[in-house]
Amino acid sequence: MSTRIPVVALDGPSGAGKGTVARALARTLGWHYLDSGAIYRSLAVAVLDSGLALDDVDGIVQLASRLDLRFPTGETRQVLLNGVDISDRIDTETCGNTASKIAAYGPVRKALLQKQRDFRLAPGLVADGRDMGTVVFTDAPIKIFLTASAEERAQRRYKQLMEKGIDVNLADLTSEIEERDRRDRERAEAPLKMADGAVLVDTSELSISQVVARCLSLVKG
Ligand code: DC
């Protein structure tokens, strides 16, 4: 039954604009939204708080299978972990890098698979991540791969973090983004890559509204 519920699978590297575009798309369509990166980031917070070593795969899998997450607004990156608001913590680069490290483990990804698929609810879902089209929703009728030049992605992320009052150095941020992308692309399990049949949208020279319009035209055929 759930396989008939349409999904837009929106994948791409960090800073390509996926979150902003996916939220706008979900709002316009009146569909649900899955921020799969927030799930990996929340698990990273749980791992850091637990004191587990980042190579303790069994411990991380156990934590993942007990993960009590709530997304009260469904739109913004507001996340409750075991009832505690961790929204401010998930957006840091430490959290993103830890998420990327633990996301490389196949058993960890497997433990989070159903949690992500549970978001597939009528009338439809816009799902943003790295493996939405290749693993989680392979039958998604619309697959989009958003990308942008590395410089542009670092600039956007820099602006985003500064606006949130998170102080970062652009050169450090650029090398961290490159390192994270390399890890996400080169891992053996569910590496970041274009799904078969995905449409490539380079957002480097486009405004958010132009990207949303392009994605909407793909959804509406
Ligand atoms: O989208 P994001 O920057 O919030 O994701 C943080 C990290 O989580 C990313 O570097 C890799 C991992 N991730 C993943 O492996 N698969 C996903 N579907 C989403 C995120």
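Indexing begins at 1, ligand by ligand and atom by atom, following the structure's order.
Between the side chains of Arg156 and Thr203, at least one donor N or O lies within less than 3.5 Å of an accepting N or O.
Note: the hydrophobic cluster containing Leu52 also contains Leu81 (ILVMFWY, side chain heavy atoms under 4.5 Å, direct or indirect links). Hydrophobic clustering of Ile, Leu, Val, Met, Phe, Trp and Tyr side chains at less than 4.5 Å, counting indirect connections, unites Ile102 with Ile90.
Salt bridge absent: Arg41 and Asp35 never bring a charged side-chain N and a carboxylate O closer than 4.0 Å. Under the 4.0 Å criterion applied to side-chain N and carboxylate O atoms, Arg77 and Asp88 are not assigned as salt-bridge partners.
Side chain of Gln210 to backbone of Ser207: a donor-acceptor contact under 3.5 angstrom is found.
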Check ligand 1 against the protein and report each N/O to N/O distance under 3.5 Å, formatted as atom name, atom name, distance.
| residue | atom | partner | partner atom | Å |
| --- | --- | --- | --- | --- |
| ligand 1 | 1 (O) | Arg130 | NH1 | 2.9 |
| ligand 1 | 1 (O) | Arg130 | NH2 | 3.4 |
| ligand 1 | 3 (O) | Arg41 | NH2 | 3.0 |
| ligand 1 | 3 (O) | Arg130 | NH2 | 3.2 |
| ligand 1 | 3 (O) | Arg180 | NH1 | 3.0 |
| ligand 1 | 4 (O) | Arg41 | NE | 2.6 |
| ligand 1 | 4 (O) | Arg77 | NH2 | 2.7 |
| ligand 1 | 10 (O) | Arg180 | NH1 | 2.8 |
| ligand 1 | 10 (O) | Asp184 | OD2 | 2.7 |
| ligand 1 | 15 (O) | Arg109 | NH1 | 2.8 |
| ligand 1 | 15 (O) | Arg109 | NH2 | 3.4 |
| ligand 1 | 15 (O) | Arg187 | NH1 | 2.8 |
| ligand 1 | 15 (O) | Arg187 | NH2 | 3.0 |
| ligand 1 | 16 (N) | Arg109 | NH2 | 3.0 |
| ligand 1 | 18 (N) | Ser36 | OG | 3.0 |
| ligand 1 | 18 (N) | Arg130 | N | 3.1 |
| ligand 1 | 18 (N) | Asp131 | OD1 | 2.9 |

